[in-house]
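Below: the structure, in structure tokens.
Counting starts at 1 for both ligands and their atoms, in listed order.
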Amino acid sequence: MNLLRRAVRTLTGQVTEDLGIDLGTANTLVYVQGKGIVLREPSVVAVDTETGAVLAVGEDAKRMLGRTPSTIKAIRPLKDGVIADYDQTEAMLRHFIKGGTKRRFAWKRVVVGIPSGITEVERRAVIEASRRAGANEAYIIEEPMAAAIGAGLPITDATGSMVVDIGGGTTEVAIISLAGIVNAKSIRVAGDEIDEAIANYVRRSYNLFVGDRTAERAKLEIGSAYPLEQELTFEVRGRDLVSGLPRAALLSSEDLRLAIQEQLTAIVEAVKLTLETAPPELSADIIHRGIYLAGGGALLRGLDRLIQEETGIPVYIANDPLSCVVIGTGRVMEEIRSNPRLRKVLVQASLD
Ligand code: ADP
Ligand code: MG
């Protein structure tokens, strides 16, 4: 932004509104400077299957699910950690930027946290989309970096910090030092794959067809990555594969662990691989400081313990793991002027 524009803004008394956005594969959150988190909605877009027109976004789009004629489809444009559809992603950003700001004439600066697997072209698309959606300045930050900042890790120090962000579509593992990502790995195994594995298991073992929502509910209620002191049970309802009629089955937490074993192994392996390829000085720091879990998946019972056992390194769950990334984006917005070292965490400045 040039000086002239800044002068005009100062003269006309135009206010600046800073937004941090976590554009997650499952959930989008918006943080407004001075207010905190103002919005938390599913990253879902409802589209007309014939015209492709966007009909609803976020909560509204999710509510339409299962209540619509066949001409409407609910889509998650970032489901796999890549942008599947640019128009839908832009519609989503527009909705969330609007929802986060009330002042119409404010100068809007946004920092968007995106999955780290996103390509250069996709990053530019997010910046362009943010600007078309009403942002005057737009910046990108990689999700694991934002998560580390949100978790309060000393990312600008010359010490290694490690975060594992287990979201809906992707698990992102990163080792950070001196405000840069030194080593990272992103895999498409996270909450969604765990839900699918549960649904598959129920179909195979109980001849019962259950939806992804039901599978997710079972995961939230009784899911675990490590044997529980008191194992749990949960009743799922679905359609009998043989009779075609509705039926229920009682699942146990042991059942569920069996169902998601492959996914748990994949997550643990991604953590190990990232550790194995880290520079030795940083490994030493991480052994000392521990690994931090973020994202909704961090809340899976016993996942911290499993990773701790498999790596031999202490594992901590970040404070409020579902909000880490957006808190991180917000903190970058707030501190970037007073702490220029933080600039380095932004992947790309606005195209202004
Ligand atoms: P993203 O950043 O990709 O949008 P989130 O960090 O919002 O993803 O996490 C969403 C995922 O976390 C979903 O798969 C959801 O099922 C899972 N999740 C949320 N709460 C829990 C919980 N208590 N236990 C296990 N998984 C959870
Ligand atoms: Mg996330």
Could you list the atoms of ligand 1 found under 4.0 angstrom from a heavy atom of Gly295? 6 (O)
State whether the shortest distance between N or O atoms of Ile166 and N or O atoms of ligand 1 falls below 3.5 angstrom. no
Against ligand 1, does Gly223 come closer than 4.0 Å with any heavy atom? no
Can any side-chain N or O of Gln88 pair as donor or acceptor with the backbone N or O of Ile75 at less than 3.5 Å? no
Give the residue, atom name and distance (to 0.1 Å) of the protein heavy atom nearest atom 6 (O) of ligand 1. Gly296 N, 3.0 Å
Of all the non-hydrogen atoms in the protein, which one sits nearest to atom 13 (C) of ligand 1, and at what distance? Glu216 OE2, 3.9 Å
Give a yes or no answer on whether the side chain of Thr25 reaches the backbone of Gly81 with a donor-acceptor pair at less than 3.5 Å. no
What protein heavy atom sits nearest atom 7 (O) of ligand 1, and how far away is it? Asn27 ND2, 2.7 Å
Which atoms of ligand 1 have any heavy atom of Gly297 under 4.0 Å away? 12 (O)
If we only count N/O pairs under 3.5 Å, is Thr25 in contact with ligand 1? yes
Numbered in order shown, the ligand 1 atoms found under 4.0 Å of a heavy atom of Ala26 are 1 (P), 3 (O), 4 (O), 8 (O), 10 (C)
Check each heavy atom of Leu322 against ligand 1 and say whether those closer than 4.0 Å belong to the side chain, the backbone, both or neither. side chain
Check ligand 1 against Gly191 and write out every atom of the ligand that is under 4.0 Å from a heavy-atom position of the residue. 14 (O)
So, Arg213 and Glu216, do they make that salt bridge, N to O below 4.0 Å? yes
Name the one of Val326, Val332, Ile327 that satisfies side chain to side chain contact (heavy atoms under 4.5 Å, CB included) with Thr329? Val326
Arg301 and ligand 1 - part of the residue with a heavy-atom distance under 4.0 Å: neither
Could you see which bit of Leu220 sits under 4.0 Å from ligand 1, with heavy atoms only: side chain, backbone, both or neither? side chain
Run the salt-bridge test on Glu196 and Arg203 with the 4.0 Å N-O cut-off and return the result as yes or no. no
Distance from atom 17 (C) of ligand 1 to nearest protein heavy atom, with residue and atom: Lys219 NZ, 3.8 Å
